[in-house]
Participant: 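A single structure is presented below for examination.
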Number of protein chains: 2
Amino acid sequence: MAETESSTVIPQDFDGLKTIILERKAHLPKRLRQVAAYALDNPDEIAFGTAASIATSAEVQPSTLVRFAQHFGFEGFSSLQQIFRARLRERTPGYDERLRALSGNDHSKLESGSIFNGFVAAAHRSLDNIATSVDPEAFERAVNILAGAETIYLVAKRRSYPISGYMAYAFGKLKVKYQMVGTAAGVDDDILAMAGPKDAAFAVSFSPYASESVNQAKLLASRKVPVVSLTDSAFSPLAESSKVWFELVEADHAGFRSLSASMAFAMALTVAVAEKRRRNAPERE
Amino acid sequence: MAETESSTVIPQDFDGLKTIILERKAHLPKRLRQVAAYALDNPDEIAFGTAASIATSAEVQPSTLVRFAQHFGFEGFSSLQQIFRARLRERTPGYDERLRALSGNDHSKLESGSIFNGFVAAAHRSLDNIATSVDPEAFERAVNILAGAETIYLVAKRRSYPISGYMAYAFGKLKVKYQMVGTAAGVDDDILAMAGPKDAAFAVSFSPYASESVNQAKLLASRKVPVVSLTDSAFSPLAESSKVWFELVEADHAGFRSLSASMAFAMALTVAVAEKRRRNAPERE
DNA sequence: CGAAGAATAGAATATCCATTCCATAATTCC
DNA sequence: GGAATTATGGAATGGATATTCTATTCTTCG
């Protein structure tokens with residue numbers, strides 16, 4: 001019986017697969033090497049072709065394709081093919097192309113066009129930033145804190161409000177218990193009074209910081225509620241009340257800061273929390 | 001005998017197909033229109049799925065897909081599918097760098113990392129789309145309509161709510177008179193009753209369309225209030241009530257659609273409207 | 001209102017597909 | 001050099017696929 005899985009894991013994306021193929025290529029049997037070469041040279045063919053058509057074109061037997069896939073830990077050829085298809089789905093164009101698309105469109109010719117282009121470009125810049133400015137381990141810690149919470153309190157005002165607004169919508173869909181803070185004036189303190197160490201909070205505030213949000217975060221921290229926060233400066237008053245905090249500087253156009261990076265961050269956090277809960281929770285049925 | 005080929009030619013590429021579908025959209029039978037909408041909104045699904053899986057997801061019978069394909073002159077579903085696959089094949093190369101940049105960061109090593117990367121990538125993709133999918137002249141027209149309005153009514157529910165939420169914040173800062181619709185239940189109709197031809201409305205709704213938003217847009221249109229709308233399909237029920245409408249398909253990760261493009265669009269629209277007003281208004285001091 | 005026609009749903013079918021299996025060939029290792 | 005192991009080719013198979021066909025429902029138009 002051949003050990004297909006042995007020590008290594010099954011690659012989940014194209015890059016991972018490519019790496020492993022290149023690693024093992026040297027000591028691969030003849031026909032399998034042939035397939036390896038063909039696959040890396042003609043990824044599109046693998047994505048769309050059938051086992052029979054690919055086999056013909058790569059001058060091997062269909063069964064060789066199956067064996068190839070199994071050699072790398074996949075169940076069969078079909079599951080290997082998924083990787084190649086996902087690659088096409090998620091393919092992103094390069095940066096210069098992106099810029100060309102922007103300046104090449106007709107927008108620049110019209111009055112409002114430069115405003116439009118400006119905001120799209122700002123959003124792109126923000127997103128480019130986010131990958132380097134968010135520490136993966138901090139993200140992981142934040143996910144753990146929120147996933148372990150009974151109720152998640154969402155603190156945000158003004159410009160940050162749409163972000164927690166989205167999270168509220170998504171948490172609702174995902175059946176995660178949450179509570180918005182800052183909707184109607186006055187009742188906030190009553191809501192916060194119910195928060196305890198078993199819960200957690202997520203606060204968003206960018207400069208100029210809404211003093212209400214800062215105070216509410218402080219209050220929560222003093223009541224031993226772990227706070228995760230998203231802000232735009234290391235000196236943010238939110239930081240001191242937070243167990244984990246993220247600094248996220250949005251690019252701006254004409255003085256209006258983008259929200260794209262914060263939104264992407266919020267979505268990722270929301271889904272990651274729900275995903276973690278799903279995994280931790282025992283099956284119910 | 002059905003004349004499938006009749007006068008028109010069979011589309012050879014995706015753009016041609018899209019054009020023809022949009023042309024005939026109006027006088028297409030119910031189920032076929034349903035397929036048309038699904039196909040243009042989820043081209044990747046058509047490219048990769050099987051007739052059965054697509055049929056399920058579009059909520060039609062597999063045979064409907066075949067009829068749809070034949071209706072546009074193709075031999076069967078499979079040959080139609082080729083068009084959708086070619087679209088992916090011919091997408092400009094240069095894919096490598098961006099993907100490597102993302103998967104090369106430390107995020108990919110951690111559990112939640114791929115979620116994070118996924119959302120950033122989806123946001124990027126969305127923004128890439130926006131440049132080509134928004135018609136500059138339509139944008140200009142939309143700006144004119146909204147800039148000329150006395151009060152701007154913002155209609156949005158659920159997932160779209162954060163977008164109008166941001167616009168409300170920004171309009172407030174920019175001293176543009178606006179009115180949110182859809183906050184508390186019940187009072188909406190009273191608010192809408194005040195809208196007249198001198199005003200304008202901006203409605204946002206993505207599928208599955210909130211019927212409330214659709215009805216409110218209809219109501220506004222019937223009261224001669226010009227409506228500008230943002231939606232994700234050429235078949236959106238919002239389109240018919242709108243003077244100007246924009247189709248904006250957001251990329252998604254793990255089924256959660258990005259909001260980046262819509263946000264960038266909303267910001268651009270908001271600022272462009274304010275800018276136009278500033279120019280038109282006579283100096284006050 | 002009622003008939004003629006088109007559109008649809010759903011089962012039936014013939015085709016094609018990935019996979020498995022096994023006999024044979026090629027390597028490897030002693 | 002010969003036995004043990006691994007790789008390969010090619011046919012067999014069972015499952016899934018796109019497509020066709022027909023009874024039924026929905027439209028259209030007189």
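Convention: sequence-line order gives letters A, B, ...; per-chain numbering from 1.
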Participant: Got more than 12 heavy atoms from elsewhere within 6.0 Å of CD, A:Glu75?
Facilitator: no

Participant: In residues 54-63 of chain A, which ones come under 4.0 Å of DNA chain C, going by heavy atoms?
Facilitator: A:Pro62, A:Ser63

Participant: Which part of the nucleic acid, if any, lies within contact of A:Leu65, taking any heavy atom under 4.0 Å across all strands shown: a base, the sugar-phosphate backbone alone, or nothing?
Facilitator: nothing

Participant: Of B:Lys30 and B:Gly76, whose nearest nucleotide on DNA chain D comes first from the 5' end?
Facilitator: B:Gly76

Participant: Cationic tip of B:Arg85 within the cone over A:Phe48's six-membered ring, i.e. under 6.0 Å and within 45° of the normal?
Facilitator: no

Participant: Of the nucleotides D:dT19, C:dT8, D:dT8, which one has an atom closest to the side chain of B:Arg67?
Facilitator: C:dT8

Participant: Could you tell me if B:Ser229 and B:Ser242 have a donor-acceptor pair between their side chains, going purely by distance under 3.5 Å?
Facilitator: yes

Participant: Any chance you could lay out the side chain to side chain contact (heavy atoms under 4.5 Å, CB included) test for A:Ile130 and B:Phe119, step after step, and finish with the verdict?
Facilitator: CA-CA 11 Å; A:Ile130 201 180; B:Phe119 279 103; over 6 Å; no

Participant: Nearest-Å distance, CD (A:Glu75) to P (D:dG15)?
Facilitator: 15 Å

Participant: Please report whether the ring centroid of B:Phe246 lies less than 6.0 Å from that of B:Phe265.
Facilitator: yes

Participant: Starting from C1' on D:dA7, measure out to NE2 on A:His27 and report it in whole angstrom.
Facilitator: 17 Å

Participant: Quick one: A:Leu28 CG to C:dT27 P, roughly how many Å, whole number?
Facilitator: 15 Å

Participant: Select one nucleotide: of D:dT8, C:dT19, D:dT19, the one nearest the side-chain heavy atoms of A:Ser78.
Facilitator: C:dT19

Participant: Starting from the C-alpha separation in whole Å, work towards a yes-or-no answer on side chain to side chain contact (heavy atoms under 4.5 Å, CB included) for A:Phe72 and A:Arg24.
Facilitator: CA-CA 10 Å; A:Phe72 286 94; A:Arg24 298 210 203 150; 3.9 Å; yes

Participant: In whole angstrom, what separates B:Arg31's CZ from C:dA6's C1'?
Facilitator: 15 Å

Participant: Whole angstrom is fine here: how far is it from CZ in A:Phe74 over to C1' in C:dT19?
Facilitator: 17 Å

Participant: Ring-plane angle category for B:His124 and A:His124, please: parallel below 30°, perpendicular beyond 60°, tilted otherwise.
Facilitator: parallel

Participant: A:Gln70 has a side chain; which of C:dA18, D:dT17, C:dT20 sits nearest to it?
Facilitator: C:dT20

Participant: Of the options D:dT8, C:dA18, D:dA18, whose atoms approach the side-chain atoms of A:Leu32 most closely?
Facilitator: D:dT8

Participant: Can you tell me the distance, in whole Å, between the CZ atom of B:Phe77 and the P atom of D:dT20?
Facilitator: 14 Å

Participant: Of all the nucleotides listed (D:dT19, C:dT8, C:dT19), which has the minimum atom distance to the side chain of A:Val66?
Facilitator: C:dT19

Participant: Between C:dT19, D:dT19, D:dA7, which one does the side chain of A:Pro29 approach most closely?
Facilitator: D:dA7

